Amino acid sequence: MDLQAFFKMSYGLYVVSSSDGENRSGCVVNTLTQITAEPPKLMVAVNKDNFTTDIIRKAGYFTGTAFGVGTDMLQIGHFGFKSGRDFDKFGDISFAVDENGMPYPTEHMVARFSCKVEQELDVGTHILFVGEVTGAEKMVDEEPMTYAYYHQVKKGKTPKNASSYQPEAPKAKGWRCTVCGYEYQGEELPADFVCPICGVGADMFEKIK
Ligand SMILES: Cc1cc2nc3c(=O)[nH]c(=O)nc-3n(C[C@H](O)[C@H](O)[C@H](O)COP(=O)(O)O)c2cc1C
């Protein structure tokens with residue numbers, strides 16, 4: 001199988017978030033897609049290990065919010081490389097709550113789609129949620145970020161839990177972030193270095209052997 005073929009697939013980049021009244025979280029996904037127009041329905045594949053999956057299952061609702069091209073990489077890292085099991089992802093960011101009581105991030109987000117879960121399908125590593133759109137809103141007037149833009153312009157990485165994950169060949173020299181996989185090229189890593197993708201410090205980097 002030619003794994004390079006999968007890089008020719010096009011996607012957008014979103015946060016899918018939910019709250020069950022007790023817990024709230026959200027994760028980055030590239031798998032949110034509109035599947036019907038009348039009535040409007042979306043589907044999204046969320047890894048069984050993601051905290052967001054547990055919450056969506058309990059709540060029966062999720063909200064998909066599209067990143068704009070101006071989104072800071074740390075915001076993507078916040079939702080895409082950390083788990084809501086460890087901290088409240090909505091604790092220190094700007095967010096709003098939709099008509100279903102679901103929280104969604106607002107900074108640099110261009111549109112949101114609030115959904116009621118209609119069906120879920122176990123597809124192995126992921127759960128495929130089908131949701132009917134109960135509300136949609138255009139937010140900031142900015143271009144949406146595509147998955148290709150995230151990789152090519154923002155130099156973003158994709159973690160193991162993503163549907164589209166592919167392991168990368170390690171580079172010859174440098175340091176690798178153990179949280180998000182970002183690679184720093186250089187013999188010595190400055191002690192005050194902060195990962196430009198997920199925001200952790202130099203102590204979370206390992207030398208590439
Ligand atoms: C670019 C990118 C795309 C991703 N796409 C998906 C996806 O489609 N499905 C998924 O389950 N996880 C995806 N992830 C991984 C989750 O966002 C990540 O595992 C997150 O930390 C889970 O957080 P949670 O445990 O709070 O739910 C993606 C991450 C990134 C950075």
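One-based numbering along the sequence shown. These numbers were taken from a predicted model, which means no experiment stands behind them.
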Quick one: pull up [atom1] in [X] and [atom2] in [Y] and give me the separation to the nearest 0.5 Å.
X	Y	atom1	atom2	result
C180	K82	SG	NZ	9.5 Å
C115	F62	SG	CZ	4.0 Å
T125	K160	OG1	NZ	13.5 Å
N161	N47	CG	CG	4.0 Å
L74	I93	CG	CD1	12.5 Å

For residues [X] and [Y], report the shortest heavy-atom separation together with the two atoms involved.
X	Y	value
S25	K89	OG-CD, 3.8 Å
S18	P103	C-CD, 3.9 Å
A202	A191	CB-O, 3.5 Å
V110	E143	CG1-O, 4.1 Å
A162	T158	CB-CG2, 3.3 Å
N30	S164	OD1-OG, 3.4 Å

Item to check | Worked verdict on K154 versus Y149 for side-chain contact (heavy atoms from CB on, under 4.5 Å) | outcome: CA-CA 7 Å; K154 297 285 210 178; Y149 187 94; 4.0 Å; yes
Hey, are the side chains of [X] and [Y] touching, using non-hydrogen atoms and a 4.5 Å cut-off?
X	Y	answer
T33	L42	no
V46	C27	yes
H78	F87	yes
V15	F67	yes
F90	P105	yes
P196	Y182	yes
I197	I76	no
C177	C198	yes

Side chain [X], main chain [Y], donor-acceptor under 3.5 Å:
X	Y	answer
S83	D86	no
E142	P144	no
T36	E38	no

Next on the checklist: What I want to check is whether the side chains of H126 and T31 have a donor and an acceptor closer together than 3.5 Å.
Outcome noted: no
Checklist entry - Hey, are H108 and Q75 close enough side-chain-wise for a donor-acceptor pair under 3.5 Å? => result no
List the atom pairs, donor and acceptor, that lie under 3.5 Å between side-chain atoms in residues 129-141 and the rest of the protein, sequence neighbours left out.
residue, atom, partner, partner atom, Å
T134, OG1, N100, ND2, 2.9
T134, OG1, S114, O, 3.2
E137, OE1, Y104, OH, 3.3
E137, OE1, R112, NE, 2.9
E137, OE1, R112, NH2, 3.4

Checklist entry - Please walk me through it: do I55 and T52 pass side-chain contact (heavy atoms from CB on, under 4.5 Å)? => result CA-CA 5 Å; I55 299 174; T52 308; 5.7 Å; no
Checklist entry - Does the salt bridge (Lys or Arg N to Asp or Glu O under 4.0 Å) test come out yes or no for R85 and D54, once each step is laid out? => result CA-CA 10 Å; R85 276 195 188 87; D54 301 348; 3.0 Å; yes
Next on the checklist: Under the criterion side-chain contact (heavy atoms from CB on, under 4.5 Å), I'd like the reasoning laid out for Y61 against D98: C-alpha separation, chi angles, the key distance, then a yes or no.
Outcome noted: CA-CA 11 Å; Y61 291 92; D98 71 10; over 6 Å; no
ILVMFWY cluster, [X] and [Y] together (side-chain gap under 4.5 Å):
X	Y	result
M102	M109	no
Y11	L13	yes
F79	I127	no
V123	I35	yes
L32	V117	yes

Item to check | Lys/Arg-Asp/Glu bridge criterion (N-O < 4.0 Å) met for E187, K207 | outcome: yes
Sequence neighbours left out, cut at 3.5 Å: what donor-acceptor pairs do the side chains of residues 2-9 make with other protein atoms?
residue, atom, partner, partner atom, Å
D2, OD1, Q4, N, 3.0

Item to check | Listed partners of S94 passing side chain to side chain contact (heavy atoms under 4.5 Å, CB included), at least two apart | outcome: T106, E107
Item to check | Distance flag, aromatic centroids of F193 and F205, threshold under 6.0 Å | outcome: yes
Checklist entry - So does E206 have more than 12 non-hydrogen atoms from other groups sitting under 6.0 Å from CD? => result yes
Next on the checklist: One pair to check against side-chain contact (heavy atoms from CB on, under 4.5 Å): E120 and R57. What are the steps and the verdict?
Outcome noted: CA-CA 9 Å; E120 60 171 78; R57 284 182 130 165; 2.7 Å; yes
Item to check | Mutual orientation of the aromatic rings belonging to Y147 and Y150 [parallel < 30°, tilted 30-60°, perpendicular > 60°] | outcome: parallel
Next on the checklist: Please evaluate residues D122 and K48 with respect to the criterion salt bridge (Lys or Arg N to Asp or Glu O under 4.0 Å), reporting the C-alpha separation (whole Å), side-chain torsions for both, the decisive distance (0.1 Å), and the verdict.
Outcome noted: CA-CA 9 Å; D122 186 331; K48 287 176 182 171; 2.8 Å; yes
